[in-house]
There are 2 protein chains.
Amino acid sequence: MFESTKLLRTHGIPVTAQRLAVLRAIREQPHGTAEAIAEEVRSKIGSISKQSIYNTLGSFVEKGLLRRIQPAGSPALYEGRVGDNHHHLICRACGKTVDVDCAVGKKPCLTAANDAGFVIDEAEVIYWGTCPACLVTTTK
Amino acid sequence: MFESTKLLRTHGIPVTAQRLAVLRAIREQPHGTAEAIAEEVRSKIGSISKQSIYNTLGSFVEKGLLRRIQPAGSPALYEGRVGDNHHHLICRACGKTVDVDCAVGKKPCLTAANDAGFVIDEAEVIYWGTCPACLVTTTK
DNA sequence: GTCAAGTTTTGGACTCAGTCCAATTTATTG
DNA sequence: CAATAAATTGGACTGAGTCCAAAACTTGAC
Ligand SMILES: [Mn+2]
Ligand SMILES: [Mn+2]
Ligand SMILES: [Zn+2]
Ligand SMILES: [Zn+2]
């Protein structure tokens, strides 16, 4: 039995071709948009509806199988690396997204100067900058 | 002469009723959406087009008069507090958004564990949690 | 293996936030 | 005040995501 099948079973999620294909697509696409994942899935199983992509990604995020990040000015990205509270570094020019380890590890990794009585569960950090490739292009 | 008029003049921005009204609306609305600001403007000068709202807010952000923040799952928010690199704390339940001072001050306030060769210009931090009011409601 | 019950998938309509565009109006400069 | 450049307008349009009802599945019990 496939690893992914087992993973779904242990989470009590019915096993479907679409869900297995999404799981597979995520492995190929470290930080993919819903659309990119849909394309990847289609290249493997022929077709999938937009709604199934969103259903699947959404429920996987809820179940903790996936993580969703929503950078400003970009559609949401999905990734399989969960549970380690890492952060992201995004190129303003080309959108290239790379993982940045969190020095602290556990969420929330930062303490707010004044928490205004909120109960904080996460400190989301996105580093913005220019990637090596785009640095070359812009300085030319 | 009004303060806002002076501000626009010193930035070489032609003074229009719409731009003055947007500036005024921002003062009433610490972290408002484009739509909220448009409503505030309409209540003062009668009407403004959607496009003018976006033109004005966009160019003010470019000129450094305003700051735009784009939290996951919400339209962009605009604020007049610029130049101090503060962060934000947002309630997952009701969206209430409050300022959090940055301990470091200057951008980028955090150093990435591994920068992958990027030149980082900003570390954007959003704290997510539950505000005092929503804490009461959910524990009930 | 078959069946019933409950889920999932589908496609198509729809919403929301934002952008594009051409025509009209307005601010600035001389 | 007139000329010029810039801003404003409304309306069409886009992209990302959601809503909905019908059809197709997966599962669990027999
Ligand atoms: Mn990641
Ligand atoms: Mn703020
Ligand atoms: Zn780049
Ligand atoms: Zn709240």
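No experiment lies behind these values; they were computed from the predicted model shown.
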Practice prompt. Using only heavy-atom distances, decide whether a donor-acceptor pair under 3.5 angstrom links the side-chain of B:Lys50 to the base of D:dG10.
Written response: no

Discussion item. Based on the rotation axes of five pairs at each end, what angle does the helix from C:dG1-D:dC30 to C:dG30-D:dC1 bend through, to 10°?
Written reply: 40°

Discussion item. Check B:Arg68 with B:Glu79, please: is the shortest side-chain N to carboxylate O separation under 4.0 Å?
Written reply: no

Worksheet item: Which residue, A:Thr56 or B:Ile13, contacts DNA chain C at a nucleotide closer to its 5' end, judged by nearest heavy atom?
Response: A:Thr56

Discussion item. Check this one for me: any side-chain N or O of B:Tyr54 less than 4.0 Å away from OP1 or OP2 of C:dT19?
Written reply: no

Fill in: Side-chain donor-acceptor contact under 3.5 Å, B:Arg27 with B:Ser4
yes

Worksheet item: Within the distance-only criterion (no hydrogens, no angle test), does the side chain of B:Asp115 pair as donor or acceptor with the backbone N or O of B:Gly117 below 3.5 angstrom?
Response: yes

Worksheet item: Under 4.0 Å between a Lys/Arg side-chain N and an Asp/Glu carboxylate O for B:Glu122 and A:Arg92?
Response: yes

Item to complete: For the side chain of B:Gln51, starting at C-beta, report the closest nucleotide among D:dC20, D:dT9, D:dA16.
Response: D:dT9

Discussion item. Do the side chains of A:Arg24 and A:Glu28 get close enough for a salt bridge, i.e. N-O under 4.0 angstrom?
Written reply: no

Discussion item. In this structure, how many angstroms lie between the P atom of D:dT27 and the CZ atom of A:Arg9, rounded?
Written reply: 5 Å

Worksheet, complete the sentence: Rounded to whole Å, the CD-P distance (A:Glu35 to D:dG17) equals 10 Å

Worksheet item: What's the CD1-C1' distance between A:Ile48 and D:dC25, to the nearest Å?
Response: 14 Å

Fill in: B:Ile45 CD1 - C:dT25 P separation (whole Å)
17 Å

Worksheet item: Is there side-chain contact between A:Arg9 and A:Val15, with at least one heavy-atom pair below 4.5 Å?
Response: yes

Item to complete: Examine distances only and state if a side-chain atom of A:Ser59 and a backbone atom of A:Leu57 form a donor-acceptor pair shorter than 3.5 Å.
Response: no

Worksheet item: Can B:Asp99 and B:Arg67 be counted as an ion pair, charged N to O under 4.0 angstrom?
Response: no

Fill in: DNA chain D contacts among residues 15-29 of chain A, heavy-atom distance under 4.0 Å
A:Val15, A:Thr16

Worksheet entry | Separation of atom CZ in A:Phe60 from atom P in C:dT9, rounded to whole Å | 9 Å

Worksheet item: Within this structure, what is the CD1-to-P distance between B:Ile53 and C:dT19, rounded to whole angstrom?
Response: 13 Å

Worksheet item: Atom CZ of A:Arg42 to atom P of C:dT9: distance rounded to whole Å?
Response: 14 Å

Practice prompt. Decide salt bridge (Lys or Arg N to Asp or Glu O under 4.0 Å) for A:Asp121 and A:Lys106; before the verdict, give the C-alpha distance in whole Å, the side-chain angles of both, and the deciding distance to 0.1 Å.
Written response: CA-CA 10 Å; A:Asp121 58 74; A:Lys106 290 188 79 70; over 6 Å; no

Discussion item. What is the separation between atom NE2 on B:His11 and atom C1' on C:dA27, rounded to the nearest whole Å?
Written reply: 19 Å

Discussion item. Tell me whether the side-chain N/O atoms of B:Ser52 come closer than 4.0 Å to OP1 or OP2 in D:dT9.
Written reply: yes

